[in-house]
Amino acid sequence: MKSKKEISDFYISLQEDHHVEKSTVNEKNRIIIHESRHPISALSTIESFVDEINQSNSVAFDDSSTIIKTAPARGNRLEGYYWKINECLDAYSERFVYSPKVEAFYQACEKIGIDPRFMSFGKSTEVCLPDGKTTNAQVFNELIKVIRSICHSNSYQRKLQGHQRNALRRKAKVLTWESELFRWRSRHLVISLTLSYKEQFRSVTTLELIQEHLKNLLNNRRNNKLLKGINGYVWKIEDGISVGLHVHLLIAYSTQTNQDILVAEKIGQYWEAFITDGQGQYWNSNKNPKRYETLGHGIGVGQINHNDAERRDALRKNLEYLMKADQHLKQKGCARTHTIAMSRIPERSNAGRTRKDINPCQEAR
């Protein structure tokens, strides 16, 4: 089980991805922070809350409680979540499929008649639910009991185990891709782009359209001199709450040039002008690589050699994040659609001396 900090850091990154619009205009990066009506970071609170419930057999309040104190009783960790419950309810959206723990929380809300769209908890306000609970304390206790019951069910356990297996499978797959990439060639120019659409075109942009545009971009490698330098790639399509449909595209580019920022700009401009006929926009992550450090990923872009342990570790973290994000928050319309892919790595040449590769599963020290 991950720590609260690990869960929180992940959802903070996810929050930025959905509410921070990043685009490059006239080769200058700009950032627009949209008002967050869907507080994704609250989902980390839900995951921690569900973990705490499953680690105890108690409830939050005494059955006779009618007034809820602002300070939780000493040692009662569940009571402390009461004051975070409203932001958890506000985080609900019918647009998304959530992780099993978050789904268990909202399923429990539905079972006892809590409507996340309208209900909120206060200090002593009485509420009226179909099962007769009349105080916030009683309702909160009931919510804990129902969540615990759901989490003990066989169907939930199967769903959680499947989720965990998929997470491990995706991680193994992307780490294998990275390892094979550096076995094939010892040095790569790693480029990270976010390809999206201008605000006025987002309402008419469909999943099918962005898939077609991405397919055209990658297929044009056969005939376009700029795109021929793409040796490998990983992409993921997301639907950001505030920023619309977009593609995270990580490219392993030829090291015949070391100008990663310039190459990223040109590919972004090609997407903008030719692939999307002026409807698209892009974000060049290579232009401000230190931004990755603020997210705790390290700098995993630019020229990376096979023996550069620090940058390869950062690259793997970036790749793992892409895999995890799709596991925890996915638009319902994309639930059964192909939204992640990676290229095949060419067969390794026998020419040249053998070298010792870095173990992709080795933890950073």
Side-chain angles (χ1 to χ4, degrees), residues 1-12 14 39-93 96-117 119-123 125 127 129-167 324 327-329:
M1 186 175 66
K2 292 185 179 298
S3 69
K4 285 185 182 180
K5 185 177 185 308
E6 287 177 307
I7 295 170
S8 177
D9 287 349
F10 168 73
Y11 275 108
I12 287 171
L14 203 57
I40 294 173
S41 54
L43 301 181
S44 67
T45 300
I46 295 176
E47 296 233 4
S48 298
F49 181 38
V50 173
D51 282 339
E52 292 284 0
I53 290 170
N54 287 319
Q55 290 171 27
S56 72
N57 295 313
S58 63
V59 291
F61 302 106
D62 183 88
D63 286 340
S64 61
S65 297
T66 57
I67 303 293
I68 296 173
K69 300 175 183 178
T70 55
R74 190 170 185 177
N76 190 336
R77 298 166 70 100
L78 291 176
E79 187 179 340
Y81 282 95
Y82 179 85
W83 295 104
K84 302 176 182 178
I85 194 69
N86 286 338
E87 69 180 51
C88 296
L89 295 176
D90 290 341
Y92 177 74
S93 172
F96 295 99
V97 176
Y98 297 102
S99 69
K101 292 176 186 178
V102 175
E103 279 189 4
F105 173 84
Y106 288 125
Q107 186 182 346
C109 288
E110 183 180 1
K111 277 194 171 185
I112 63 176
I114 297 173
D115 191 329
R117 297 170 298 174
M119 185 175 174
S120 62
F121 286 76
K123 187 174 180 180
T125 306
V127 293
L129 294 178
D131 62 3
K133 298 294 185 292
T134 57
T135 70
N136 281 321
Q138 289 174 315
V139 173
F140 192 68
N141 281 348
E142 184 68 11
L143 178 63
I144 289 171
K145 291 176 184 177
V146 174
I147 290 172
R148 187 176 288 128
S149 174
I150 290 171
C151 291
H152 288 172
S153 69
N154 290 334
S155 61
Y156 172 83
Q157 290 297 324
R158 286 194 298 270
K159 185 181 291 185
L160 182 63
Q161 289 166 10
H163 184 266
Q164 292 168 342
R165 281 196 304 270
N166 284 338
K324 279 195 285 187
Q327 285 269 108
H328 285 75
L329 189 65

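When a residue number appears, it is its place in the shown sequence, counting from 1.
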On the 0 to 90° scale, with breaks at 30° and 60°, tag the Phe140-Phe49 ring pair as parallel, tilted or perpendicular.
-> parallel
Can the positive tip of Lys159 be found less than 6.0 Å from the middle of the six-membered ring of Tyr156, inside 45° of the ring normal?
-> no
Taking Ser48 for its side chain and Ser44 for its backbone only, find out whether a donor-acceptor pair lies under 3.5 Å.
-> yes
Side chain of Glu110, backbone of Asp115: donor and acceptor closer than 3.5 Å?
-> no
pair [X]-[Y]: side-chain heavy atoms closer than 4.5 Å:
X      : Y     : result
Glu103 : Val97 : yes
Ile53  : Leu78 : yes
Lys101 : Ile46 : no
Phe61  : Tyr82 : yes

How close do [X] and [Y] get, counting heavy atoms only, and between which atoms?
X      : Y      : result
Ala42  : Glu87  : CB-O, 3.5 Å
Ala108 : Ile150 : N-CD1, 3.7 Å
Tyr92  : Pro116 : CB-CB, 3.7 Å

To the nearest 0.5 angstrom, please state how far the [atom1] atom of [X] sits from the [atom2] atom of [Y].
X      : Y      : atom1 : atom2 : value
Ile147 : His152 : CD1   : NE2   : 11.5 Å
Glu52  : Ile144 : CD    : CD1   : 10.5 Å
Ile112 : Lys145 : CD1   : NZ    : 10.5 Å
Asn141 : Glu79  : CG    : CD    : 9.5 Å
Phe105 : Leu89  : CZ    : CG    : 5.0 Å
Leu43  : Ser93  : CG    : OG    : 10.0 Å

